[in-house]
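Bear in mind that the values here come from a model prediction, so they are computed numbers and not experimental data.
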Amino acid sequence: QVQLVESGGGLVQAGDSLTLSCIASGDTSGTYYMGWFRQYPGKEREFVATIGWKSGTTYYSDSVKGRFTISRDNAKNTLYLQMSSLKPEDTAVYYCAVTRRFGSNIRSVNTYDDWGQGTQVTVSS
């Protein structure tokens, strides 16, 4: 199991930038992909971006492509999400997660095994 702790959320204005971090501890050797998801009140968690832990291959949702950048520092066991040109509709709780399931749908919430506690991002208009 991998323990995940997110940080970096906060209140910003539309157009601002913000970077989220997620530190992983425990046995990360089997990590296949590590991703970010977000959840609006009363809604299901949705895919934002993910990155191959060894390969570095990235995937983004259409709603954030070109504005958000996912990256990782394997030596520090840390995942990042650089968010720019933030919009009020980006307001949500952001979660990081890891999956060890090779070949699974890496955009699906159900594929991910371990989750952080979430960090709130609020974008005012």
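Distance check, rounded to the nearest 0.5 Å: OG of Ser7 to CD1 of Ile23 gives 6.0 Å. Taken to the nearest 0.5 Å, the OH atom of Tyr59 stands 9.5 Å off from the CZ atom of Phe47. Taking OG from Ser108 and CD from Glu46, the interatomic distance works out to 13.0 Å, rounded to the nearest 0.5 Å. Here Thr31 contributes atom OG1 and Lys54 contributes atom NZ; the two are 7.0 Å apart, rounded to the nearest 0.5 Å.
Tyr40 shares a hydrophobic cluster with no other residue; no ILVMFWY side chain has heavy atoms under 4.5 Å from its own. Hydrophobic cluster membership of Leu4, counting Ile, Leu, Val, Met, Phe, Trp and Tyr whose side-chain heavy atoms lie under 4.5 Å apart directly or via other members: Val2, Val12, Leu18, Leu20, Met34, Trp36, Val48, Ile51, Trp53, Tyr60, Val64, Phe68, Ile70, Leu79, Leu81, Met83, Leu86, Tyr94, Val98, Val121, Val123.
The closest side-chain donor-acceptor pair between Thr50 and Tyr112 falls under 3.5 angstrom.
Arg72 and Gly56 make their closest contact through NH2-N, 3.5 Å (heavy atoms, listed as atom of the first residue, atom of the second, distance). In terms of heavy-atom proximity, Ala14 sits nearest to Ser125 at CB-CA, 4.3 Å. In terms of heavy atoms, Trp115 sits closest to Val109 at CZ2-O, 3.6 Å.
By the neighbour-count criterion of 12 heavy atoms within 6.0 Å, atom NZ of Lys76 is sparsely surrounded, having that number or fewer from other residues, nucleotides or ligands.
In terms of modelled atom types and a separation under 3.5 Å, the side chain of Glu6 and the main chain of Gly118 share a donor-acceptor contact. Arg100 contributes no side-chain N or O that, together with a main-chain N or O of Ser29, makes up a donor-acceptor pair within less than 3.5 Å. Side-chain atoms of Thr57 never come within 3.5 Å of backbone atoms of Gly52 as a donor-acceptor pair (strictly under, hydrogens ignored).
For Lys65, the salt bridge (Lys or Arg N to Asp or Glu O under 4.0 Å) partners are Asp62, not counting sequence neighbours. Applying the salt bridge (Lys or Arg N to Asp or Glu O under 4.0 Å) rule to Asp90 yields the partners Arg38, Arg67; only residues at least two apart in sequence or on another chain are considered. Every residue was checked against the salt bridge (Lys or Arg N to Asp or Glu O under 4.0 Å) condition with Asp73, not counting sequence neighbours, and none meets it. Qualifying side-chain hydrogen bond (donor to acceptor under 3.5 Å, both in side chains) partners for Asp16, counting only residues two or more places apart in sequence or in other chains: none.
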Given the rule in the ring-ring contact (aromatic ring centres under 6.0 Å, His included) test, do Phe37 and Tyr95 qualify, once you have shown the distances and angles that lead to the verdict?
CA-CA 5 Å; Phe37 291 77; Tyr95 297 88; 8.9 Å; no
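A heavy-atom distance below 4.5 Å is not found between the side chains of Gln3 and Asp114.
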